[in-house]
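In what follows, every heavy atom counts, from backbone to side chain, and hydrogens, waters and symmetry copies are set aside. It should be emphasised that the depicted structure is a prediction, and the values quoted were computed from it without experimental measurement.
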Amino acid sequence: MKAQSKQKSTGLSPNFRIVLKWIFYSLTLIFFYCQMVSGDGSSAKALMLIPFSTAIACYEGEVPSAIIGAVSGILIDMATGQLLGFTGLYLCLFCGIISGMFRQFLRKNIINYFALTLATCLIYLYIDYYFFYVIWDYEGYEVVLKYRLIPSHLKTILLSPLCYLACLAIGKLSTVKRKLELEEKSEMVDRV
């Protein structure tokens, strides 16, 4: 008996599914960037590009994850008016590491994702606070921490499971299901 794996025809080719997945990723990145720059600058907004890029890192390889992390970081830098590339370098490294961790050590589930997203957000909060406020000894930097940075990161952490669920759904829709078919015994095979 010989087992063969055949693709189940569902109408869409695997290449088209991959293109649709990356279009979804791109449009979601643009949507989260627009959400960050819209409205007044006085309120703390969620940095949804961070959990979205870590969610992508759960399901993609190291290089695509690092590229998505760099693009997300540059979009965050442009939205927040920070030094261009600062957050891009940080997220590029972290998304590549997260992708490698999911590929080698961790299972793809919401608990591991949430733990790594929480760690990424907390480390970014510290880096942002230290390098942009404390090191320059700005007056009232505690106020910025209390009323802008902490609420922004709390919103980001609380809304992060939505990013995971979106990437999980698009990942399931973009994969091709395989069907295992068994062939019958052939009379032409010589038995020893």
Side-chain angles (χ1 to χ4, degrees), residues 21 24-26 28-37 39 41 43-83 85-135 141-172:
K21 175 176 67 171
F24 170 77
Y25 288 162
S26 302
T28 308
L29 286 174
I30 292 168
F31 172 75
F32 285 144
Y33 172 74
C34 291
Q35 179 266 332
M36 287 178 64
V37 296
S43 64
K45 296 181 181 177
L47 304 171
M48 293 304 292
L49 290 169
I50 294 174
F52 188 67
S53 59
T54 56
I56 292 173
C58 292
Y59 294 101
E60 299 298 327
E62 290 86 355
V63 174
S65 299
I67 292 170
I68 289 290
V71 170
S72 297
I74 290 171
L75 291 174
I76 291 172
D77 289 336
M78 290 190 316
T80 58
Q82 294 178 349
L83 179 65
F86 182 78
T87 310
L89 177 64
Y90 168 75
L91 281 180
C92 177
L93 292 172
F94 265 64
C95 287
I97 290 169
I98 288 171
S99 177
M101 288 177 70
F102 274 106
R103 184 176 298 263
Q104 297 294 326
F105 304 114
L106 300 174
R107 288 183 172 227
K108 296 174 185 171
N109 60 30
I110 197 161
I111 296 169
N112 291 334
Y113 161 77
F114 188 74
L116 289 174
T117 302
L118 180 65
T120 304
C121 285
L122 290 177
I123 293 170
Y124 178 67
L125 172 66
Y126 176 75
I127 289 173
D128 189 20
Y129 177 65
Y130 183 76
F131 283 110
F132 286 104
Y133 298 102
V134 174
I135 202 168
Y141 58 82
E142 297 91 5
V143 175
V144 172
L145 178 68
K146 185 177 179 182
Y147 292 109
R148 185 182 152 267
L149 293 177
I150 290 178
S152 174
H153 284 277
L154 281 177
K155 289 177 185 177
T156 302
I157 291 167
L158 291 175
L159 294 174
S160 65
L162 298 176
C163 294
Y164 178 80
L165 295 175
C167 286
L168 177 68
I170 197 68
K172 285 189 178 192

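Outside the 6.0 Å centre-distance limit, the rings of Tyr164 and Phe114 are not counted as a close aromatic pair.
The main-chain N or O of Pro51 is never found under 3.5 Å from a side-chain atom of Thr117 such that the two would form a donor-acceptor pair. Within the 3.5 Å criterion, the main-chain N or O of Ile68 finds a donor-acceptor partner in the side chain of Ser72.
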- Task: Begin from the C-alpha positions of Phe94 and Tyr124 and carry the test ring pair (Phe, Tyr, Trp, His ring centres under 6.0 Å) through to its verdict.
- Result: CA-CA 10 Å; Phe94 265 64; Tyr124 178 67; 9.7 Å; no
- Starting from the C-alpha separation in whole Å, work towards a yes-or-no answer on side-chain contact (heavy atoms from CB on, under 4.5 Å) for Leu149 and Asp128. CA-CA 9 Å; Leu149 293 177; Asp128 189 20; 3.3 Å; yes
- Step-by-step side-chain contact (heavy atoms from CB on, under 4.5 Å) determination, Met48 to Phe31: CA-CA 10 Å; Met48 293 304 292; Phe31 172 75; over 6 Å; no
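His153 and Leu125 make their closest contact through CD2-CD1, 3.4 Å (heavy atoms, listed as atom of the first residue, atom of the second, distance). Tyr90 approaches Thr120 most closely through the heavy-atom pair OH-O, 2.5 Å. In plain terms, the two heavy atoms of Lys108 and Cys58 that are nearest each other are CE-O, 3.0 Å. Ala46 and Met36 make their closest contact through O-CG, 3.9 Å (heavy atoms, listed as atom of the first residue, atom of the second, distance).
The CD1 atom of Ile98 lies 9.5 Å from the CG atom of Leu106; values are rounded to the nearest 0.5 Å. Between the CG atom of Leu168 and the CG atom of Asn109 there is a distance of 10.5 Å, given to the nearest 0.5 Å. Atom SG of Cys95 is separated from atom CD of Glu62 by 12.0 Å, given to the nearest 0.5 angstrom. For the atom pair CG of Leu122 and CD1 of Ile127, the computed distance is 11.0 Å after rounding to the nearest 0.5 Å. To the nearest 0.5 Å, the span separating OH on Tyr113 from CG on Leu118 amounts to 11.0 Å. Between the CD1 atom in Ile123 and the CD1 atom in Ile50 there is a gap of 11.0 Å [rounded to 0.5 Å].
Contact of the Asp77 side chain with the Leu83 side chain is not registered, since no non-hydrogen atoms from C-beta on lie closer than 4.5 Å. You'll find the side chain of Tyr133 stays beyond 4.5 Å of the side chain of Leu145, heavy atoms only. The side-chain heavy atoms of Ile170 and Tyr59, taken from C-beta on, include no pair separated by under 4.5 Å.
Heavy-atom contacts from other residues, nucleotides or ligands closer than 6.0 Å to CD1 of Ile111 number 12 or fewer.
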